[in-house]
Q: 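Dropping a structure here in structure tokens format, bear with me for questions.
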Number of protein chains: 2
Amino acid sequence: MPSRKNVQNTRMSKQLRVLHGALLDIAAMMNRPQRDELLIRAAGIPLDRALFPLLVLIERFGPIGVVDLADRVGRDYTTVSRQVAKLESLGLVLRQDNAEDRRVREAVITAKGKAMTELVDGARERIARGVFESWEPHELDELVRLMRKFADAVSHDPPAD
Amino acid sequence: MPSRKNVQNTRMSKQLRVLHGALLDIAAMMNRPQRDELLIRAAGIPLDRALFPLLVLIERFGPIGVVDLADRVGRDYTTVSRQVAKLESLGLVLRQDNAEDRRVREAVITAKGKAMTELVDGARERIARGVFESWEPHELDELVRLMRKFADAVSHDPPAD
DNA sequence: GCGATTATGTGCATAATGCACACATATCGG
DNA sequence: CCGATATGTGTGCATTATGCACATAATCGC
């Protein structure tokens with residue numbers, strides 16, 4: 001007779017695997033070039049590769065320093081520093097000093113950069129609306145609440161191992 | 001007096017933005033090299049860059065062809081074809097023909113490859129457990145259900161524009 | 001105050017990438 | 001059935017992205 005705790009662990013393992021699969025599916029949706037992103041590319045602005053995800057993050061979380069950005073994308077910070085410099089040269093972000101730590105060079109989105117992220121945000125929002133408009137309103141409320149709760153928890157973990 | 005529909009649209013826009021932020025935070029957690037992934041790297045197997053995310057996807061969704069994989073990671077399929085060839089040369093995946101379509105070369109994980117993904121799966125599971133063990137059980141049930149529902153919906157969309 | 005740590009940036013060699021092209025197979029439509 | 005078209009995979013090539021080694025400056029903690 002398996003102990004109660006083992007049964008619960010097995011059940012949670014299954015749930016985590018399902019959740020992981022869902023996260024991968026949603027990530028795939030976000031990795032696909034949206035139609036408007038294709039327009040950006042066709043306009044000759046080389047943002048499709050490493051630069052665009054950074055621009056999205058700067059819009060969402062800026063002003064943000066190089067090390068924080070690098071941590072988010074899982075890249076070496078020197079790489080990210082170079083990419084932010086490129087974004088600046090394209091006029092899509094500005095870099096400013098941080099008042100509290102004179103070493104930090106924070107990236108903040110420009111109006112031009114935001115116009116770009118809004119193209120893709122708009123496309124993604126249309127997809128999401130198409131999904132959620134057929135949901136019960138409390139279902140979306142609950143998904144948003146629980147996802148924010150999960151994200152808050154994993155964003156503040158210092159693994160104490 | 002704003003129409004009822006506009007109010008609802010504004011409310012959903014806010015919710016989608018919160019959900020997007022949560023997804024980005026969770027993606028950041030998944031992008032961070034986990035300790036066990038660091039061990040893999042230290043073992044001299046060059047999997048940290050483009051190869052490891054592919055290995056994870058092959059374990060989860062394999063057998064899977066090059067075009068499907070490329071679609072998921074948002075990369076050119078020729079790039080992914082080369083990377084899968086590398087994973088095969090490392091003994092982490094096998095490539096096999098597809099019975100239904102003789103053009104397709106499906107990648108499937110090997111025991112060696114799976115041992116690697118399990119290192120990182122284990123580390124991520126520990127993080128997730130640390131979060132969810134303090135949640136009410138029905139909250140995790142609901143999160144898993146709603147995320148799977150969302151992922152199912154976005155995975156089957158043909159944008160009919 | 002001072003050594004250790006942290007944030008950013010540069011040089012360099014290597015790895016990843018997408019485009020052009022090719023071949024083989026599958027599908028479509030007359 | 002068969003030619004035209006579409007799709008899946010792979011190779012060559014030039015360009016771009018990347019991490020490591022190293023450097024400078026700022027901050028932290030004893």
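Per chain, numbering begins at 1; letters A, B, ... match sequence-line order.
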Q: Take atom CG of B/Asn98 and atom P of D/dT7, then tell me their distance rounded to the nearest Å.
A: 17 Å

Q: Short question: side chain of A/Ser81, backbone of A/Tyr77 - any donor-acceptor pair under 3.5 Å?
A: no

Q: side-chain contact (heavy atoms from CB on, under 4.5 Å) between A/Arg105 and A/Asn98: does it pass, once the steps are laid out?
A: CA-CA 6 Å; A/Arg105 306 269 286 138; A/Asn98 179 281; over 6 Å; no

Q: Please list each protein N or O that sits under 3.5 Å from an N or O in nucleotides 24-28 of chain C, with the distance.
A:
from, atom 1, to, atom 2, distance (Å)
C/dT25, O2, B/Arg103, NH1, 3.3
C/dA26, OP1, B/Arg102, N, 2.9

Q: Treating B/Asn31 as the side-chain partner and B/Ala27 as the backbone partner, does any N or O pair qualify as donor plus acceptor under 3.5 Å?
A: yes

Q: Indicate yes or no: does B/Arg102 engage B/Asp97 in a salt bridge with an N to O separation below 4.0 Å.
A: no

Q: In the hydrophobic clustering that connects Ile, Leu, Val, Met, Phe, Trp and Tyr at side-chain heavy-atom distances below 4.5 Å, which members other than A/Leu94 occupy its cluster, ordered by chain and number?
A: A/Val108

Q: Under 4.0 Å between a side-chain nitrogen and a carboxylate oxygen: does that hold for A/Arg17 and B/Glu59?
A: yes

Q: State which residues pass side chain to side chain contact (heavy atoms under 4.5 Å, CB included) with B/Val131; sequence neighbours excluded, sorted by chain then number.
A: A/Phe150, A/Ala153, A/Val154, B/Trp135

Q: Can you tell me the distance, in whole Å, between the CZ atom of B/Arg95 and the C1' atom of D/dG8?
A: 12 Å

Q: Would you tell me if any nitrogen or oxygen in the side chain of A/Lys86 comes within less than 4.0 Å of OP1 or OP2 on D/dA17?
A: yes

Q: Counting neighbours of CZ on A/Arg129 that are heavy atoms of other residues, nucleotides or ligands and sit closer than 6.0 Å, is the number greater than 12?
A: yes

Q: For B/Glu106 and D/dG10, give me the distance from atom CD to atom C1', rounded to whole Å.
A: 17 Å

Q: Do any N or O atoms from the side chain of A/Ser13 and from the backbone of A/Asn9 form a donor-acceptor pair under 3.5 angstrom?
A: yes

Q: So does B/Asp152 pair up with B/Arg148, basic N to acidic O under 4.0 Å?
A: yes

Q: If I take atom CG in residue B/Leu90 and atom P in nucleotide C/dA15, what distance separates them, rounded to the nearest angstrom?
A: 12 Å

Q: Expressed as a whole number of angstroms, how long is the span from B/Asn31:CG to D/dT18:P?
A: 12 Å

Q: State whether the side chain of B/Thr110 and the backbone N or O of B/Leu92 hold a donor-acceptor pair below 3.5 Å, judged by distance alone.
A: yes

Q: Flag the pair A/Asp121 and A/Arg126 as a salt bridge only when some basic side-chain nitrogen lies within less than 4.0 angstrom of an acidic carboxylate oxygen.
A: no

Q: Taking five pairs at each end, how big is the angle between the two axes of the helix from C/dG1-D/dC30 to C/dG30-D/dC1, to 10°?
A: 50°

Q: Just to be sure I understand the geometry, which residues of residues 63-73 of chain A put a non-hydrogen atom under 4.0 Å away from DNA chain D?
A: none

Q: Taking atom P of D/dC20 as reference, at what distance in whole Å does atom CZ of A/Arg75 sit?
A: 11 Å

Q: Got a sec? Which of residues 76-83 of chain A come in under 4.0 Å of DNA chain C, heavy atoms?
A: A/Tyr77, A/Thr78, A/Ser81, A/Arg82

Q: Would A/Arg145 and B/Glu139 pass as an ion pair if we require N to O under 4.0 Å?
A: yes

Q: Take the protein atom CZ of A/Arg105 and the nucleotide atom P of D/dA26, then report the distance between them rounded to whole Å.
A: 12 Å

